[in-house]
**Q** 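I'd like to ask you about the structure that follows.
Each chain gets a letter, A, B and so on, in the order its sequence line appears, and its residues count up from 1.
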There are 2 protein chains.
Amino acid sequence: MKTGRLLPASLLFNPRCRFASLAASIINKFTSMPEKMAKSIADIARIVGVSESTVSRALNDNPLIAEKTRHKIQQVAREHNFKINAKARALRTQKTNVIAVVVLFKERTERGISDPFLLDILGAIADELTLHGYDMLLSNTRTASDDWRDYYFDSKRADGLIVIGQGEHDVRIDRLATQDLPFAVWGATLPDSQYCTVGSDNKMGAYLAVTHLLNQGCEHIAFFGDIAHSEMEQRWQGYCLALQQAGKDIDESLRFATDFTSESGYSSANRMLKQQPLKVDGLFAVSDVIALGAMKKLVESEIAIPGDIAVVGFDDVAMSMFCHPSLTTIRQQTMEGGKLLVNKVLDKLAGKPARSQVLDVQLIVRESSRKAH
Amino acid sequence: MKTGRLLPASLLFNPRCRFASLAASIINKFTSMPEKMAKSIADIARIVGVSESTVSRALNDNPLIAEKTRHKIQQVAREHNFKINAKARALRTQKTNVIAVVVLFKERTERGISDPFLLDILGAIADELTLHGYDMLLSNTRTASDDWRDYYFDSKRADGLIVIGQGEHDVRIDRLATQDLPFAVWGATLPDSQYCTVGSDNKMGAYLAVTHLLNQGCEHIAFFGDIAHSEMEQRWQGYCLALQQAGKDIDESLRFATDFTSESGYSSANRMLKQQPLKVDGLFAVSDVIALGAMKKLVESEIAIPGDIAVVGFDDVAMSMFCHPSLTTIRQQTMEGGKLLVNKVLDKLAGKPARSQVLDVQLIVRESSRKAH
DNA sequence: GAATCTTTTGCAATCGATTGCAATAGTTTT
DNA sequence: AAAACTATTGCAATCGATTGCAAAAGATTC
């Protein structure tokens with residue numbers, strides 16, 4: 001079948017050599033590579049004795065191919081451990097089967113993101129993509145081009161895009177929206193935004209949290225968070241709504257701009273405690289991580305939680321149950337959210353319209369807010 | 001230049017139509033797509049009036065092409081917002097410029113991984129890959145095939161692979177190793193392993209932690225962790241070494257099998273506290289997350305930290321500084337680790353040998369272990 | 001057995017970029 | 001001005017899979 005004649009090395013190793021596959025098979029004899037390996041449809045075609053088109057169709061379960069032939073081909077492919085070359089297929093079909101995921105954060109806090117919330121949602125997205133046979137291309141904000149359209153779509157790296165977080169109303173998202181590209185965003189649904197979002201009912205969440213604090217008897221409730229973030233702005237509205245409904249005025253001096261880190265929560269608490277006289281007896285933080293940082297400062301300052309100040313966070317990260325005192329918080333449906341994001345993007349890819357969706361939140365009462373009566 | 005004649009719709013929308021690009025340009029007139037868009041090298045070639053090969057070389061800064069021509073071509077490409085089709089290039093060059101990252105965890109604890117440590121290292125890897133012009137394909141353990149070789153290499157999805165965690169000595173890693181594929185693993189360097197690992201000096205870390213506890217006057221130190229994990233096994237060795245060096249016997253009943261979750265840390269602490277009489281006065285947990293769960297239980301049981309029991313963790317996650325009491329821990333060089341993992345894989349890809357590397361760790365003393373004197 | 005209709009298979013073009021080799025243009029030498 | 005180089009550019013094959021159309025094989029009918 002194949003000549004055993006030796007070929008000059010130059011020929012053997014010249015990648016453009018016409019006998020490359022022959023050469024490869026010779027090399028194989030000298031290495032431990034398994035003998036049975038087919039790297040292209042052409043190889044399978046040769047082995048089975050049919051054309052490449054037949055193999056391609058058979059592997060795709062195309063009913064055009066007789067069942068007998070199909071089984072034969074599939075079996076040979078299996079025996080030879082053959083796997084379709086994803087790149088070649090992508091080139092031909094113009095579909096990559098990849099969804100890119102971009103995690104968007106404010107520059108200040110970008111470095112060393114370690115909010116567990118993020119990992120939860122990324123995990124959910126990964127699972128759901130796998131389920132649909134898609135791969136996930138992950139990138140941090142600093143990826144190459146600042147223009148995602150260039151990077152992912154124009155260069156055919158991905159079929160769709162999922163953006164986590166809107167930052168401070170990032171213009172790049174709006175730019176994408178004007179171009180009718182398949183993408184979805186985790187974050188706040190803004191009345192004027194033209195793109196598909198999935199996110200929690202932030203206003204309701206904050207409303208629940210603050211109302212709960214009021215019910216516990218809090219009179220002066222601080223707000224820790226940066227309302228330049230759309231999601232946090234909605235939480236601020238929920239905060240205001242709850243207060244107004246209780247007939248209270250909004251005291252802007254109780255709002256402390258805070259990044260998404262414990263450090264920031266800690267220092268905001270520090271600033272807060274410097275107010276003389278300290279009138280705050282309740283604290284709502286826009287994330288658990290912030291709340292935990294703040295609690296640290298409170299405990300250090302020998303302020304009782306919830307006795308002196310009751311605390312409520314947002315996210316329900318795993319840790320919030322295990323800190324002391326355990327943290328009352330608003331639970332977001334992260335798993336559901338990740339799943340929905342994927343489905344929205346795939347819907348768009350399929351040409352179906354995808355509507356924004358707001359997820360319900362839930363108040364989880366724990367020790368940090370339960371005042372004794 | 002182009003005829004303005006109308007073409008029948010069937011022709012217009014037949015993707016195999018020879019006039020596809022013309023058709024596309026007509027369609028463009030009826031949509032809001034920017035006029036200036038070139039989707040292939042051929043388009044640019046036509047516009048500039050040179051051959052495709054010249055364009056390809058010019059865009060790759062090949063010195064064969066005269067500088068004048070090169071600049072001209074590059075400028076046109078820029079004007080038309082042209083981006084190389086990554087898939088086509090990958091097909092031709094047989095290089096994908098993608099590195100796959102697999103996060104490997106034990107099945108029991110796989111769901112809802114939210115260990116911040118992971119996100120840290122993933123972030124570092126993402127940064128470093130970006131720096132080198134690579135994309136990162138992320139997947140959870142449940143990805144399609146169980147055989148990564150098939151999935152990533154044979155199907156040409158990625159050039160290299162990074163595995164985070166070794167699980168309980170996963171056979172899949174060994175299988176990869178026998179096949180001389182470019183990959184690197186975060187985890188323990190085992191004396192008999194044939195593959196390249198990057199990881200912390202686990203034994204030294206545990207040794208430092210336990211020695212520190214001994215210095216604080218602890219007599220009976222518990223160990224929280226699952227030594228079926230290679231990394232944790234090394235930490236157990238460090239634990240034993242420190243005790244032996246202090247002339248103490250190893251008491252196996254002080255080792256509590258614990259998963260990587262706060263829940264598990266909490267319940268292990270619960271088991272520990274049931275021992276009668278309670279003799280433990282020091283606790284070393286193989287991860288901060290576990291330590292935090294355990295501390296929760298201790299605090300609930302009104303056991304003073306560090307007064308009654310001093311606690312040391314491992315990882316130095318962001319939260320450990322902000323819990324109360326703040327957690328003494330062993331800091332791992334996660335950033336450096338991620339960077340090294342990437343470099344090892346790229347070295348292997350370049351045919352260079354890549355040696356395993358062990359990273360130094362550092363004891364960070366905080367409140368949870370600082371006994372009053 | 002010839003004619004007609006199905007069922008299967010194969011041919012060849014295509015997706016977009018790269019590259020060895022050959023051809024052309026441009027420069028220098030004699 | 002012819003010869004001998006060198007600097008640029010183009011031709012055409014290639015990577016591996018897909019698919020419209022045509023051809024071949026098989027089944028059915030008359």
**Q** Take the protein atom CD1 of Ile44(A) and the nucleotide atom P of dT18(D), then report the distance between them rounded to whole Å.
**A** 13 Å
**Q** Counting N and O atoms only, with roles assigned by atom type, does the side chain of Asp135(A) sit under 3.5 Å from a partner on the main chain of Val98(A), one being a donor and the other an acceptor?
**A** no
**Q** Can you confirm if the NZ or CZ of Lys348(A) lies within 45° of the ring axis of Phe183(A) and under 6.0 Å from the centre of its six-membered ring?
**A** yes
**Q** Around Lys83(A), counting heavy atoms of other residues, nucleotides and ligands shown, do more than 12 lie under 6.0 Å from its NZ?
**A** yes
**Q** Does a nitrogen or oxygen in the side chain of Ser56(A) sit under 4.0 Å from OP1 or OP2 of dA17(D)?
**A** no
**Q** Have a look at Ile84(A) and say if it touches a base, only the backbone sugar-phosphate, or nothing, with a 4.0 Å heavy-atom cut-off.
**A** sugar-phosphate
**Q** Mind calculating the distance between CG (Asp61(A)) and P (dT18(D)) to the nearest angstrom?
**A** 12 Å
**Q** Could you tell me the separation between the CZ atom of Arg92(A) and the P atom of dA12(C), rounded to a whole number of Å?
**A** 16 Å
**Q** Which atom pairs link the protein and nucleotides 8-11 of chain D when you take only N or O atoms and keep those under 3.5 Å?
**A**
residue: dT9(D); atom: OP1; partner: Thr69(B); partner atom: OG1; Å: 2.7
residue: dT9(D); atom: OP2; partner: Ala66(B); partner atom: N; Å: 3.0
residue: dT9(D); atom: OP2; partner: Thr69(B); partner atom: OG1; Å: 3.1
residue: dG10(D); atom: OP2; partner: Ser51(B); partner atom: N; Å: 2.8
residue: dG10(D); atom: OP2; partner: Ser51(B); partner atom: OG; Å: 3.0
residue: dG10(D); atom: OP2; partner: Thr54(B); partner atom: OG1; Å: 2.5
residue: dG10(D); atom: O6; partner: Arg57(B); partner atom: NH1; Å: 3.1
residue: dG10(D); atom: O6; partner: Arg57(B); partner atom: NH2; Å: 3.2
residue: dC11(D); atom: N4; partner: Ser53(B); partner atom: OG; Å: 3.0

**Q** Quick one: Leu91(B) CG to dT14(C) P, roughly how many Å, whole number?
**A** 17 Å
**Q** Ile41(B) near the nucleic acid: base, sugar-phosphate alone, or nothing, with a heavy-atom cut-off under 4.0 Å?
**A** sugar-phosphate
**Q** Are Asp347(B) and Lys344(B) close enough for a salt bridge, meaning some N to O gap below 4.0 Å?
**A** no
**Q** Could you state the NZ-P distance from Lys68(B) to dG26(C), rounded to the nearest angstrom?
**A** 10 Å
**Q** Check whether any side-chain nitrogen or oxygen of Lys87(B) sits under 4.0 Å from OP1 or OP2 of dA17(C), and answer yes or no.
**A** no
**Q** Write down the distance between CG (Asp43(A)) and P (dG16(D)), rounded to a whole number of angstrom.
**A** 8 Å
**Q** Does a side chain donor of either Ser53(B) or Ser56(B) reach within less than 3.5 Å of an acceptor in the other side chain?
**A** no
**Q** Can you check the Arg89(B) CZ to dT18(C) P distance for me, whole Å?
**A** 4 Å
**Q** Looking only at side-chain N and O atoms, does Gln94(A) come under 4.0 Å of OP1 or OP2 in dT18(D)?
**A** no
**Q** Ignoring backbone atoms, establish whether Asn85(A) has a side-chain N or O less than 4.0 Å from OP1 or OP2 of dC15(D).
**A** no
**Q** Determine whether the side chains of Arg89(B) and Asn60(B) contain a donor N or O and an acceptor N or O closer than 3.5 Å.
**A** yes
**Q** Please check if any side-chain donor atom of Asp174(A) sits under 3.5 Å from a side-chain acceptor atom of Gln194(A), or the reverse.
**A** no
**Q** Asn60(B) CG to dA17(C) C1': how many Å, rounded?
**A** 9 Å
